[in-house]
Amino acid sequence: ATPAILAKAFDVQSVRNDFPILHQEVNGQPLVYLDNAATTQKPNAVIDAISDYYRNINSNVHRGAHSLSDRATEAFEGARETVAEFVNSPKKAQIIWTRGTTEAINLVAHSWGRSNIGAGDKMLVSTLEHHSNIVPWQMLAEEKGASVVPIPISSAGDIDLVAFDALLDATVKMVSVGHVSNALGTVNPIEYIVASAKNVGAKVFVDGAQAVAHFPVDVQSLGCDFYGFSGHKLFGPTGIGVLWGKEELLNAMPPYHGGGEMIESCSFAGTSYNTLPYKFEAGTPDIAGAIGLAAAINYLNQFDRGAIAQHEQDLLVYCHLLAEKCKGLKRVGEAKNIAGVFSFLLDGAHPSDVGMLLDQQGVAVRTGHHCAQPLMEALHIPGTVRASFSIYNTREDVDRLFSALEKVKSFLV
Ligand code: PMP
């Protein structure tokens, strides 16, 4: 059966019923959760899958010692298969479990980076990046005598592609960019970036932390070399994430962590390493996390992804409409293509005060630099207030945000 036939009609009220945490009061008001870029809430299907694993299956994987271990291994490897299909990986061995996006980037910076970056080489990252897509490259640059060069952005928050192309030459070995900016919501033109980077032989890492929950991702059609994301921003548990990489690159890379599972044989005379993906998975993995993440992907897969994207775009359009009518509100980030994020400032009010007063009215947002200090520096602002949307948000949530903002203004402005 094709997904189109299986797809459930997208009904936001019934989706909300799948997320138990949403049905509570915070500070005496029904919760409006608009901090989805930080982490998403979990549907019953995920909570139940984790609980079922610990109640009925818990055992260590790949030991093959007994039946329970076989069941745990089957569920764990089945989860890898689910992720492989989710991003359209040619092989499931190209799916490496990590703790999240941060660890996926660190793995590549350490393993690929240490053997492929030398003195004088450059790594390009955009000015939009989260610290986790800057600092690992800076650490590598420091060790190797290489440099990290920022790709400029426009005042609207789009990557300046002309400036990007001008930065490319044979000394550029890695281009690492976010698929979607966590601070502004900008959706970056990955295919263009990949095509340009390939012209000079640079590899491309795509930080998909903010993309995978909003629209389908196909690593083959993007053409990138590596793609990383976190389970917890995709309705899955914390502590689990994914690195996808091209097979020939992963095969050529040395291990990241040493330990159990990642060896083929170990002796004091010398140790040989396991094949993909186990070479990169030393130690007992987050088995429950992987199973929980697969449950999250299966949950998402019941819906027509296009309908979800449309629902979230509708919320953004509605939000922008109300923003225009809200005196003293200034949007931050007006890129051509935005997913899930509404960043703004209120004249005369500090973002953290706005956030605190919204919280008192039951509206959860994030304030500050959003782990993107270089971006805030480039925009000459200390931070923003960020409302970020997910499948379970409604127009009523947007109404609540703006009526709460009117109250905030009456206190602060
Ligand atoms: N990149 C982006 C764009 C993010 O939004 C985040 C999380 N805020 C990360 C990387 C890091 O993800 P994690 O903390 O789950 O490793």
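Ligands are counted one by one from 1 in listed order, and the atoms in each one are counted from 1 as well. Quick caveat, the model's predicted, so the values are computed rather than measured.
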Could you identify the single nearest non-hydrogen protein atom to [atom] and state the distance to 0.1 Å?
atom: atom 4 (C) of ligand 1; value: H130 CD2, 3.5 Å
atom: atom 5 (O) of ligand 1; value: Q210 NE2, 2.7 Å
atom: atom 3 (C) of ligand 1; value: D207 OD2, 3.4 Å

In this structure, is the centre-to-centre distance between the rings of [Y] and [X] below 6.0 Å?
X: F19; Y: Y392; answer: yes
X: H320; Y: F344; answer: no
X: Y278; Y: F280; answer: no
X: H179; Y: H214; answer: no

Salt-bridge criterion met for D347 and K327 (N-O under 4.0 Å) =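 Judged by the 4.0 Å cut-off on N to carboxylate O distance, D347 and K327 do not form a salt bridge.
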ask   = Should K92 and E77 count as an ion pair when the cut-off is N to O under 4.0 Å?
value =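 Looking at E77 together with K92, the answer is yes, because their closest N to O distance falls below 4.0 Å.
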request  = For the residue pair K122 and T171, confirm or rule out a side-chain donor-acceptor distance under 3.5 Å.
outcome  =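 Yes, T171 and K122 have a side-chain donor paired with an acceptor closer than 3.5 Å.
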task = Verify whether one side chain among S343 and T384 offers a donor that lies under 3.5 Å from an acceptor in the other.
result =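 Their side chains do contain a donor-acceptor pair, which is all the 3.5 Å distance test asks for.
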Is the shortest distance from a heavy atom of [X] to ligand 1 less than 4.0 Å?
X: R99; answer: no
X: K233; answer: yes
X: N133; answer: no
X: S132; answer: yes

request  = Look at atom 14 (O) of ligand 1 and find which of V177, T102, V341 reaches it with the closest heavy atom.
outcome  =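 Going through V177, T102, V341 one by one, T102 has the nearest heavy atom to atom 14 (O) of ligand 1.
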task = Provide the number and element of each atom of ligand 1 under 4.0 Å from a heavy atom of A209.
result =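 Under 4.0 Å from A209, ligand 1 has these atoms: 1 (N), 2 (C), 4 (C), 6 (C), 10 (C).
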ask   = Which atoms of ligand 1 have any heavy atom of S230 under 4.0 Å away?
value =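 Counting atoms of ligand 1 from 1, those under 4.0 Å from S230 are 12 (O), 13 (P), 15 (O), 16 (O).
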message = Considering both backbone and side-chain atoms of E103, is one of its nitrogen or oxygen atoms within less than 3.5 Å of a nitrogen or oxygen in ligand 1?
response =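 In fact, backbone or side chain, E103 has no N or O that close.
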